[in-house]
Amino acid sequence: MLVYGRNVAERILSDKKISEKVRKIYFDRNFYLKNQNLLGEFAKSKLILKEKHDLDKLANGVHQGIIFDMAEYQYKTLDDVLTTDNNFILILDHIVDPHNLGAIIRTAVAAGVKTIIIPKDRQVLVNSTVVKTSVGTLFDIDIVLVTNIVNTIKRLQDEGFFIYGSSLDGKDYSLVDYASKVGLIIGNEEKGIGQLVKKSCDELITIPMSNKLDSLNASVAAGIMIYEVVRHRK
């Protein structure tokens with residue numbers, strides 16, 4: 001997996017466990033002369049200097065002069081994350097925009113969420129754009145990949161989680177007394193949460209809109225609802 005951007009690079013190099021997954025580091029030759037301080041001795045051993053146009057070909061976005069070739073992202077299993085202190089899990093029902101996923105990850109980490117669950121199919125997975133948009137916070141949260149969201153919801157309910165689904169026909173999100181163990185579902189950018197997922201939820205919640213709008217961007221809605229759950233825990 002190729003990841004890039006200066007902020008992401010600083011995050012990777014600040015954590016030994018993450019930096020050990022780096023296979024190669026491609027640096028813009030001119031950029032490197034001014035930014036050698038970014039790399040420690042460990043990183044220098046994997047350094048490859050390139051011309052800017054060569055990096056442009058490698059990256060699918062703005063690389064800011066540095067690209068990491070890393071081992072593929074390792075997803076967690078549901079069993080990995082069902083610990084006693086993990087009482088707020090975010091579930092994404094087929095988010096397709098990598099920028100939305102990256103932004104949601106960044107907000108979730110800022111709010112103290114430890115786990116995000118995503119489906120294997122019809123969902124953007126972890127890629128370079130997700131890592132860059134998350135500003136490297138992807139490495140600070142567990143991403144669980146599941147085959148079936150409905151079955152996952154049932155498992156979480158058996159573990160004592162109360163599942164809230166975001167839906168236009170739900171209850172005002174600010175009037176909800178959130179449970180001690182919360183699973184919050186954010187739906188697809190266009191279709192929202194699926195019908196079977198919707199039926200599996202314990203309660204549907206919504207962000208009230210003016211007559212001029214019928215929905216918010218998925219990452220914006222996620223941020224608002226995440227922080228409402230956090231507020232209720234204080």
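We count residues from 1, following the sequence as given.
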Worksheet item: Pick one: which of Thr133, Ile143, Val130 meets side chain to side chain contact (heavy atoms under 4.5 Å, CB included) with Leu101?
Response: Val130

Worksheet entry | Salt-bridge present (Asp28, Lys52; N to O < 4.0 Å) | no

Worksheet item: Under the ring pair (Phe, Tyr, Trp, His ring centres under 6.0 Å) rule, what pairs show up with a residue in residues 146-201, not counting sequence neighbours?
Response: Phe162-Tyr164, Tyr164-Tyr178, Tyr178-His232

Response to the item:
Students should find that the hydrophobic cluster of Val135, defined by side-chain heavy atoms under 4.5 Å apart, otherwise consists of none

Item to complete: Among residues two or more places apart or on two chains, list those pairs meeting side chain to side chain donor-acceptor pair (under 3.5 Å) that have a residue in residues 108-120.
Response: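 Residue pairs passing side chain to side chain donor-acceptor pair (under 3.5 Å), neighbours aside: Asp85-Lys114, Asn86-Thr115.
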
Can you tell me how far [atom2] of [Y] sits from [atom1] of [X], rounded to the nearest 0.5 angstrom?
| X | Y | atom1 | atom2 | answer |
| --- | --- | --- | --- | --- |
| Ile163 | Glu203 | CD1 | CD | 12.0 Å |
| Ile91 | Leu184 | CD1 | CG | 8.0 Å |
| Ile95 | Asn188 | CD1 | CG | 6.5 Å |
| Ser166 | Ile224 | OG | CD1 | 11.5 Å |

Using modelled atom types and a 3.5 Å cut-off, is there a donor and acceptor pairing between side-chain atoms of [X] and backbone atoms of [Y]?
| X | Y | answer |
| --- | --- | --- |
| Tyr75 | Ile118 | no |
| Lys198 | Ser167 | no |
| Thr206 | Asp172 | no |

Worksheet item: If we only count heavy atoms from C-beta on, is the Ile12 to Val8 side-chain gap below 4.5 Å?
Response: yes

Worksheet item: Does the side chain of Ile141 reach to within under 4.5 Å of the side chain of Ile105, using non-hydrogen atoms?
Response: yes

Item to complete: Might you work through the side-chain contact (heavy atoms from CB on, under 4.5 Å) test for Met70 and Ile18, ending with a clear yes or no?
Response: CA-CA 9 Å; Met70 302 185 65; Ile18 302 172; 3.9 Å; yes

Worksheet entry | Ile149 and Gln123: CA distance, side-chain angles, deciding distance, side-chain contact (heavy atoms from CB on, under 4.5 Å) verdict | CA-CA 12 Å; Ile149 290 182; Gln123 158 81 38; over 6 Å; no

Worksheet item: Can you list every pair that meets salt bridge (Lys or Arg N to Asp or Glu O under 4.0 Å) and has a residue in residues 137-148, with sequence neighbours left out?
Response: Arg11-Asp140

Discussion item. Tell me every residue that passes side chain to side chain donor-acceptor pair (under 3.5 Å) with Asp121, counting only those two or more places apart in sequence or in another chain.
Written reply: none

Worksheet entry | Residues which pass salt bridge (charged side-chain N to carboxylate O under 4.0 Å, His left out) with Glu159, listed by chain and number, not counting sequence neighbours | Arg155

Practice prompt. Run the numbers on Thr77 and Asp79 for side-chain hydrogen bond (donor to acceptor under 3.5 Å, both in side chains), then give the verdict.
Written response: CA-CA 5 Å; Thr77 68; Asp79 287 331; 5.0 Å; no

